[in-house]
Amino acid sequence: MLYHKENKNNSCNLAINKDNFEVCDVGNNNSEIITLRNYATKISNQNGANVAFYSTKLEADNNADSFLKEINLTSSSSTELFARISLRDCVLVDRIIFNLVPTPHIVTEIVREFPIYCDNKADGKENIDLTQLEPIINTNNELVEFSYFKSYNAQNGTFADPYSDPLNTEVLNGEIFYVKVKYKDSDCFSVAKVTVSLRVINDVINLNQNAVLKICNEDFSVSETFNLEEAVSQLFDQGNNNVELDKLQITYYVNENFANQGTSAGKISAPNSYISSAANTYVYARFQSQYGCYSIAPINLLFVLPAKAINSEITICDNNLDGEYDVNLLAYKDSMVQNPSEENIFKFYKVLPGNNSLGEEITNPEHFILDANTSKIWVYVENLPNCGSYAEINFKKGEVLTLGQRQFKIDNICDINNDKKEIIDLTSFESNFSSPFTYEYYGNQSDLWLGQNKIQNPASYAYDGNSGDPTIYVKVSQEGFCPDFYTINVVLKTTPMIEIPDYYYCKNDMVGIEIRPNFNGLNVVNYYWEFPDGTIKDGVDYLTNIKTLGTYTLTLTNSLGCTYTTTFKVLNEETPRIVSLTGKNNYYTIKVEGIQGRKIVYSLDLIHWQDSNVFYNLEAGDYTFYVKYADSDCYGDSIKGKIFNLKNAFSPNGDGINDYWVLSGLDVFSNNSTLQIFDKYGNMVYKEVSNTEFRWDGKSNSRVLNSDTYWFVITAGDERIYKGWIYLKNKK
């Protein structure tokens with residue numbers, strides 16, 4: 001042991017309490033990590049002393065920073081450390097030895113089944129001999145000692161709640177306890193965790209623990225006689241037991257200890273006539289099988305004084321406003337008896353039972369209808385059969401609310417769709433009453449009477465007059481008064497609804513159409529028309545000479561002030577569409593498009609109509625062609641055509657007579673027409689394009705041509721082609 005004093009002016013008395021330690025090898029794995037600070041107070045317990053651990057003495061002497069916090073011990077050899085103990089100016093350095101010591105080699109976790117003959121009292125508990133586990137735990141037959149505990153803290157290696165008598169210890173099925181196993185000459189130990197499983201060999205007797213026998217102490221006597229056997233049906237439920245009731249022996253005892261012993265001590269000899277002088281006491285029943293297994297249960301014996309009924313008064317109201325007083329008598333039970341209790345039973349009578357009368361019992365006390373001649377009935381209150389008394393119940397009619405007005409009407413709402421359905425605010429009439437009333441709304445009187453189908457949102461009520469009852473019933477209540485009600489009669493105003501179909505007219509009709517809807521029965525007082533172009537016409541019930549296409553709006557106002565707006569369209573009647581007009585010298589062919597399956601006819605004068613779309617043998621002149629459907633008087637767009645009257649000779653000699661070759665009337669075509677003049681050699685000498693007329697002066701680019709025959713080709717604006725010759729006679 002070395003001692004070092006750094007300050008010779010101070011006296012030091014540092015000492016080592018212990019310098020050699022045995023560390024238990026938990027699990028016997030030849031390795032154990034220990035925290036060194038746990039050994040500091042064991043080395044030096046001087047107040048204020050500080051202990052630090054080092055690998056070498058030199059480090060300890062120099063108070064190096066490389067001190068140790070924990071080390072890993074192995075069983076190969078002892079482990080040597082140096083402890084530096086310092087207290088103020090005093091320092092002591094000493095060698096410390098740690099040795100790893102083995103612990104008993106045992107089975108550390110066991111689930112053990114203990115067969116038991118009986119589970120007495122059916123509590124899952126029985127006394128067993130715990131020591132029979134020892135050879136199962138100590139399989140290596142080491143020289144060890146056993147001790148038994150209910151709990152174990154593995155963090156600090158401590159046990160608690162030891163079993164005082166391991167040879168005869170009460171355990172619970174499924175209970176866990178711990179066995180401490182240590183060598184006799186060592187403090188090192190191992191721990192076995194044991195889970196107990198109790199297997200009952202014979203039947204378990206399950207008893208209920210809440211049997212009560214009551215006797216009416218009608219004459220206030222100091223004792224009563226009980227038949228304890230009447231409690232058997234409360235204690236024993238065959239559905240919870242495998243053993244039959246008639247196979248069990250049932251005995252009765254004055255207390256629990258005697259019942260557990262099951263001897264003659266404390267046994268009740270005449271259980272069917274047991275006299276008790278205590279108003280509230282217990283005896284115990286013991287149920288025992290032929291194998292000696294048993295369970296016990298208490299029987300509560302009670303003296304019950306008769307229920308004391310007292311006279312009472314009920315203030316009644318016609319709460320559902322059906323003209324009858326519907327009273328829930330059971331709602332006033334506590335006022336009818338001196339000592340209210342859940343065990344009290346109430347019977348009500350219109351006529352008080354007497355010696356020669358059973359009375360007239362009220363069978364529906366929750367809805368007792370009080371007639372006008374009844375002001376009093378009777379109640380019988382009992383807490384046991386025939387253990388009670390009678391009292392009167394008197395009825396007093398409550399004060400009914402006084403409403404200044406009881407009938408209202410809603411007749412200012414237009415039925416927009418005339419379907420008898422509108423959203424209505426029913427609460428507007430509440431402002432007629434100044435008192436703080438509570439209001440409940442019902443859609444019909446039956447719901448008011450039954451208190452069902454209450455209107456949940458009366459301020460925005462979806463009224464439906466198709467239900468057949470236009471009257472709303474409003475229940476009005478106030479604390480301390482009987483309720484009253486008022487009615488709201490709903491009458492919706494009719495809206496002048498009308499549907500106007502679309503109108504069709506022929507687009508070539510110069511007069512236009514008349515719009516005259518049928519307003520009979522609508523009681524219209526004002527008409528307001530709006531045309532597609534925004535034009536307004538007010539105060540007239542029909543329109544004439546209508547040609548403008550588009551959507552028209554009509555707003556009607558009836559004598560009730562309700563308005564309705566409808567729209568309709570004016571459309572052209574469907575007609576065939578001319579696609580093209582083709583032909584040659586004296587005929588035309590019209591090509592049209594129309595509705596499939598609908599016959600189309602053709603005309604030149606809107607008087608005579610033909611089925612064929614070809615017009616033959618037309619004389620020279622201008623023509624207009626028309627088409628329509630055979631079943632309609634409306635014709636569609638027309639198209640113009642022309643049959644040319646062509647001269648074959650002209651003489652541009654300046655005499656003013658026949659100086660030009662002229663073809664006029666080209667404006668009938670929607671497109672330009674083209675004239676081409678060729679000489680006998682095929683050379684084009686003149687060309688003109690026009691939509692009015694052709695006028696040739698016999699020249700080609702201002703050059704006078706020789707007299708001769710020339711050929712022309714005319715491509716008309718309707719795509720017809722005319723070919724022929726012209727004789728030009730010039731003065732040359």
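These figures come from a predicted structure and were not determined experimentally.
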Could you report the tightest heavy-atom contact between [X] and [Y], atom names first, then the distance?
X    : Y    : answer
Y635 : N508 : O-ND2, 2.9 Å
P517 : D541 : CD-O, 4.1 Å
K350 : I362 : CG-CG1, 3.8 Å
P496 : N558 : CD-ND2, 3.5 Å
V540 : W529 : O-NE1, 2.7 Å
Q405 : Q407 : NE2-O, 2.9 Å

*Between D464 and K420, is there a side-chain N and carboxylate O pair less than 4.0 Å apart?*
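No, D464 and K420 are not salt-bridged.
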_Electrostatic pair D484-R406, nearest N-O below 4.0 angstrom_ =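 R406 and D484: salt-bridged.
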_Does R286 qualify as a cation-pi partner of Y252, given the criterion of NZ or CZ under 6.0 Å from the six-membered ring centre and within 45 degrees of its axis?_
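Cation-pi check for R286 and Y252: fails.
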Quick one: does any side-chain atom of [X] pair with a main-chain N or O of [Y] as donor and acceptor, under 3.5 Å?
X    : Y    : result
N417 : D419 : no
N364 : F368 : no
Y461 : I455 : no
N208 : Q234 : yes
N240 : N206 : no
N311 : E392 : yes
Q238 : V243 : yes
D318 : D322 : yes
S221 : S223 : yes
Q596 : G594 : no

For the [atom1] atom on [X], are there more than 12 heavy atoms of other groups (residues, nucleotides or ligands in this structure) within a distance under 6.0 Å?
X    : atom1 : value
Q478 : CD    : yes
D371 : CG    : yes
K125 : NZ    : no
K599 : NZ    : no

Within the 4.5 Å heavy-atom criterion, are [X] and [Y] side-chain neighbours or not?
X    : Y    : value
S276 : T281 : yes
N173 : D119 : no
I515 : V570 : yes
L448 : K475 : yes
L235 : I299 : yes
E422 : L492 : yes
N319 : P483 : yes
E574 : I595 : yes

With no hydrogens and no angle check, do the side chains of [X] and [Y] hold a donor and an acceptor under 3.5 Å apart?
X    : Y    : answer
D469 : S467 : no
E573 : S632 : yes
E530 : Y528 : no
N453 : D447 : yes
N394 : E313 : no
E230 : S233 : no
T555 : T565 : yes
N520 : N518 : yes

What is the distance from atom [atom1] of [X] to atom [atom2] of [Y], rounded to the nearest 0.5 Å?
X    : Y    : atom1 : atom2 : answer
N241 : K247 : CG    : NZ    : 13.5 Å
N257 : Y284 : CG    : OH    : 9.0 Å
N300 : Q209 : CG    : CD    : 12.5 Å
I424 : N412 : CD1   : CG    : 9.0 Å
L305 : C387 : CG    : SG    : 7.5 Å
L384 : N344 : CG    : CG    : 10.0 Å

*Run the numbers on F429 and F408 for ring-ring contact (aromatic ring centres under 6.0 Å, His included), then give the verdict.*
CA-CA 8 Å; F429 300 107; F408 297 92; 4.8 Å; yes
Check: [X] ring centroid to [Y] ring centroid under 6.0 Å:
X    : Y    : result
Y390 : Y380 : yes
Y325 : F395 : no
F568 : Y552 : yes
Y441 : Y473 : no

*Does the pair Y349 and V351 meet the rule for a side chain to side chain contact (heavy atoms under 4.5 Å, CB included), with working shown?*
CA-CA 5 Å; Y349 297 88; V351 178; 5.9 Å; no
*asked:* What verdict does the side chain to side chain contact (heavy atoms under 4.5 Å, CB included) test give for F531 and L543, after you've listed the backbone C-alpha separation in whole Å, the side-chain angles of each residue and the deciding distance to 0.1 Å?
replied: CA-CA 11 Å; F531 288 52; L543 303 176; 4.0 Å; yes
_As a quick check of understanding, evaluate side chain to side chain contact (heavy atoms under 4.5 Å, CB included) for I488 and K409, giving each step before the final call._
CA-CA 5 Å; I488 302 172; K409 178 183 284 189; over 6 Å; no
*Applying side chain to side chain contact (heavy atoms under 4.5 Å, CB included), run through L248 and F236 and close with a yes or a no.*
CA-CA 11 Å; L248 298 174; F236 187 87; 3.7 Å; yes
